[in-house]
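First the structure, in the form of structure tokens, and then the observations on it.
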Amino acid sequence: MSKKDLQLDIRGDHKEVAVIRLTRPAKRNALSDGLILALRDVFENLPATVRAAVIDGEGEHFCAGLDLSELKERDAGQGLVHSRMWHAALERVQYGPVPVIAALHGAVVGGGLELASACHIRVADDSTFYALPEGSRGIFVGGGGAVRIPRLIGAARMTDMMLTGRVYNAQDGERIGLAQYLVPQGQAFDKAFELAQRVAQNAPLTNYALMHALPRIAEQPADQGFLTEALMAAIAQSAPEAKTRVQAFLDGRAAKVKKA
Ligand SMILES: COc1cc(/C=C/C(=O)SCCNC(=O)CCNC(=O)[C@H](O)C(C)(C)COP(=O)(O)OP(=O)(O)OC[C@H]2O[C@@H](n3cnc4c(N)ncnc43)[C@H](O)[C@@H]2OP(=O)(O)O)ccc1O
């Protein structure tokens with residue numbers, strides 16, 4: 001991978017937002033092995049000041065999925081290793097140090113949708129389209145998409161996408177839960193950055209609990225889920241930062257919740 005295939009930029013007054021950009025526009029940000037490893041490394045080495053991240057893609061498309069030119073030579077053993085490498089990288093995104101907001105535009109396809117689905121919030125612009133062309137390429141998802149995507153849109157919709165090659169446009173993608181925010185073309189990054197700055201102001205422990213406990217609670221039987229929730233609630237509310245923040249509200253020094 002050329003160093004230029006992934007860029008990291010630390011922004012904000014307190015260097016609190018990491019902007020991570022796929023910069024392989026000539027190949028529609030297709031995920032080469034080098035790019036996947038660089039993604040993993042960047043999430044493992046974020047500066048301590050960073051409290052939230054935005055990931056986007058340079059050029060006309062967010063990401064065209066796996067770099068198909070690298071797939072040709074792989075046997076089954078290498079395929080298994082590759083898939084586990086991709087799992088490790090996307091686990092660093094989902095269970096890394098900070099919440100990650102995907103700014104989507106153009107193609108969000110195959111592995112690109114797997115990457116987006118590992119992020120915590122997805123912002124799409126009007127040009128966005130989503131597809132899983134693995135079926136027609138004779139392959140399968142390999143980055144955890146078989147686990148994460150049905151949890152976003154349901155197994156029936158994912159099955160249809162993979163079997164028929166169905167493409168969802170930006171509006172339908174938002175409707176079925178692939179994105180939480182839909183903005184006019186060209187505005188996804190700005191919206192994602194604004195959200196990242198807001199997320200960065202939360203107590204880090206709250207963000208951490210949300211990222212790490214919530215997906216697990218969703219998978220647990222109710223009695224275990226209630227217990228995990230109670231433990232997280234106990235840890236969070238006993239932290240000094242929670243006491244300071246709650247007192248600020250009680251003293252009238254913190255913002256009220258405003259009607260949308
Ligand atoms: C099996 O184990 C796995 C699997 C996986 C994950 C699998 C997947 O991601 S499958 C999906 C793969 N992606 C696709 O099938 C999409 C292919 N691309 C397109 O359909 C289009 O390029 C587009 C994204 C809609 C953009 O169209 P356009 O703007 O017209 O650009 P093009 O002219 O088509 O492309 C320009 C340039 O980029 C090259 N390119 C595009 N996509 C890819 C790609 N996915 N891989 C490699 N190269 C790509 C294209 O060939 C052109 O190159 P030139 O040299 O001709 O300029 C995960 C983990 C596992 O273990």
Side-chain angles (χ1 to χ4, degrees), residues 1-2 4-6 21-41 43 55-95 102-119 122 124-153 155 157-173 178-179 185-186 188:
M1 186 202 70
S2 144
K4 288 188 184 152
D5 290 347
L6 189 74
R21 180 159 290 162
L22 312 179
T23 47
R24 266 193 109 195
K27 295 291 176 188
R28 305 315 185 239
N29 298 319
L31 297 156
S32 60
D33 285 6
L35 186 45
I36 291 170
L37 290 172
L39 253 181
R40 184 200 62 189
D41 291 349
F43 279 97
I55 185 159
D56 78 346
E58 187 180 337
E60 283 173 48
H61 302 282
F62 173 69
C63 176
L66 187 72
D67 188 321
L68 294 171
S69 68
E70 293 185 357
L71 190 82
K72 287 182 296 186
E73 312 300 331
R74 259 180 228 144
D75 62 20
Q78 291 164 324
L80 182 66
V81 170
H82 180 273
S83 180
R84 298 303 287 161
M85 173 182 86
W86 193 203
H87 287 164
L90 292 190
E91 275 177 22
R92 295 311 295 162
V93 176
Q94 183 173 12
Y95 298 122
L104 306 177
H105 72 291
V108 182
V109 167
L113 182 51
E114 295 191 273
L115 168 58
S117 69
C119 298
R122 284 160 294 281
D125 83 5
D126 282 336
S127 73
T128 307
F129 57 98
Y130 309 88
L132 292 170
E134 282 83 346
S136 65
R137 308 276 182 242
I139 54 178
F140 196 64
V141 282
V147 173
R148 293 191 186 96
I149 297 170
R151 288 175 188 178
L152 289 180
I153 62 172
R157 281 206 175 95
M158 181 177 177
T159 304
D160 174 40
M161 286 177 83
M162 284 195 68
L163 284 178
T164 68
R166 179 172 181 163
V167 179
Y168 281 97
N169 65 23
Q171 289 70 28
D172 287 338
L178 285 171
Q185 186 166 351

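Only this structure's heavy atoms are used, side chains among them; waters, hydrogens and symmetry mates stay out. From a predicted model like this one, the values you see are computed outputs, not experimental measurements. Whatever order the structure lists ligands and atoms in, that order sets their numbers, starting from 1. One-based numbering along the sequence shown.
Closest of all the heavy-atom pairs between Met158 and Ile153 is N-CD1, 4.0 Å. In plain terms, the two heavy atoms of Asp125 and Gln185 that are nearest each other are OD2-CA, 3.5 Å. Nearest heavy atom pair, residue Gly112 against residue Cys63, reads CA-SG, 3.6 Å. Ala103 approaches Phe62 most closely through the heavy-atom pair O-CD1, 3.6 Å. The two residues Leu90 and Gly143 come nearest to each other via the heavy atoms CD1-O, 3.2 Å. For Trp86 against Gly111, the heavy-atom pair with the smallest separation is CZ2-O, 3.5 Å.
For atom 4 (C) of ligand 1, the nearest protein heavy atom lies under 4.0 Å away. Checking atom 56 (O) of ligand 1 against the protein gives no heavy-atom contact under 4.0 Å. Protein heavy atoms all stay at least 4.0 Å away from atom 34 (O) of ligand 1. Inside a 4.0 Å radius of atom 50 (C) of ligand 1 there is not any protein heavy atom. There is a protein heavy atom closer than 4.0 angstrom to atom 42 (N) of ligand 1. Per-atom contact check: atom 23 (C) of ligand 1 does not touch the protein, criterion being a heavy-atom distance below 4.0 Å. At least one protein heavy atom sits closer than 4.0 Å to atom 7 (C) of ligand 1.
Applying the 4.0 Å criterion to heavy atoms of His82 picks out, from ligand 1, the atoms 59 (C), 60 (C), 61 (O). Close approach of ligand 1 to Glu134 is summarised as follows: ligand atoms under 4.0 Å from at least one heavy atom of the residue are 6 (C), 7 (C), 8 (C), 9 (O), 10 (S). Of all the atoms in ligand 1, the ones that sit under 4.0 Å from a non-hydrogen atom of Ile139 are 1 (C), 7 (C), 10 (S). Atoms of ligand 1 lying under 4.0 Å from any heavy atom of Pro133, numbered from 1 in the order shown and given with element: 11 (C), 14 (C), 15 (O). For ligand 1, the atoms closer than 4.0 angstrom to any heavy atom of Ser83 are 61 (O). The contact set between ligand 1 and Gly111, taken as ligand atoms under 4.0 Å from a residue heavy atom, comprises 8 (C), 9 (O).
On a distance-only criterion, Ser69 and ligand 1 share no N/O pair closer than 3.5 Å. Residue Ala64 has at least one nitrogen or oxygen atom sitting less than 3.5 Å from a nitrogen or oxygen atom of ligand 1, judged on distance alone. Taking any N or O of Lys27, backbone or side chain, at least one lies under 3.5 Å from an N or O belonging to ligand 1. Residue-to-ligand polar distances keep Gly110 apart from ligand 1: every N/O pair is separated by 3.5 Å or more. Taking only nitrogen or oxygen atoms, main chain and side chain alike, Glu114 does not reach within less than 3.5 Å of ligand 1.
Between Arg122 and Leu178, every side-chain heavy-atom pair lies at or beyond the 4.5 Å cut-off. Side-chain contact between Tyr168 and Leu132 is absent, with no heavy atoms from C-beta onward closer than 4.5 Å. Residues Leu31 and Glu114 are not in side-chain contact: their nearest non-hydrogen atoms beyond the backbone lie 4.5 Å or more apart. Counting heavy atoms from C-beta outward, Leu113 and Val141 have side chains that stay 4.5 Å or more apart. With contacts defined as side-chain heavy-atom distances shorter than 4.5 Å, the pair Met85/Leu37 qualifies.
When hydrogens are left out, the protein atom nearest atom 46 (N) of ligand 1 is Leu68 N, 2.9 Å; that is the closest non-hydrogen contact. Among protein heavy atoms, the minimum distance from atom 25 (C) of ligand 1 is reached at Phe129 CZ, 4.2 Å. The protein non-hydrogen atom at the shortest distance from atom 59 (C) of ligand 1 is Trp86 CD1, 3.0 Å. Closest to atom 1 (C) of ligand 1 among all protein heavy atoms lies Phe140 O, 3.5 Å. The shortest contact between atom 27 (O) of ligand 1 and any protein heavy atom is with His61 NE2, 4.1 Å. Of the protein's non-hydrogen atoms, the one nearest atom 20 (O) of ligand 1 is Arg137 NH2, 4.2 Å. Given atom 31 (O) of ligand 1, the protein heavy atom at minimum distance is Arg28 NE, 2.9 Å.
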side-chain hydrogen bond (donor to acceptor under 3.5 Å, both in side chains) evaluation trace for His61 with Asn29: CA-CA 7 Å; His61 302 282; Asn29 298 319; over 6 Å; no

Carefully, step by step, assess His82 and Glu70 under the rule side-chain contact (heavy atoms from CB on, under 4.5 Å). CA-CA 11 Å; His82 180 273; Glu70 293 185 357; 5.7 Å; no

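Heavy atoms from both the backbone and the side chain of Leu66 come within less than 4.0 Å of ligand 1.
Of the possible donor and acceptor atoms, one in the side chain of Arg28 sits under 3.5 Å from a partner among the backbone N and O of Pro25.
Annotation: Arg84, atom CZ; neighbour count of heavy atoms from other residues, nucleotides and ligands within 6.0 Å does not exceed 12.
In this structure, Glu58 CD and Arg21 CZ are separated by 7.0 Å, a value rounded to the nearest 0.5 Å.
Distances from ligand 1 to the non-hydrogen atoms of Glu70 include no value under 4.0 Å.
In this comparison of Ala26, Ala30, Gly65, Ala107, the heavy atom closest to atom 38 (O) of ligand 1 sits on Ala26.
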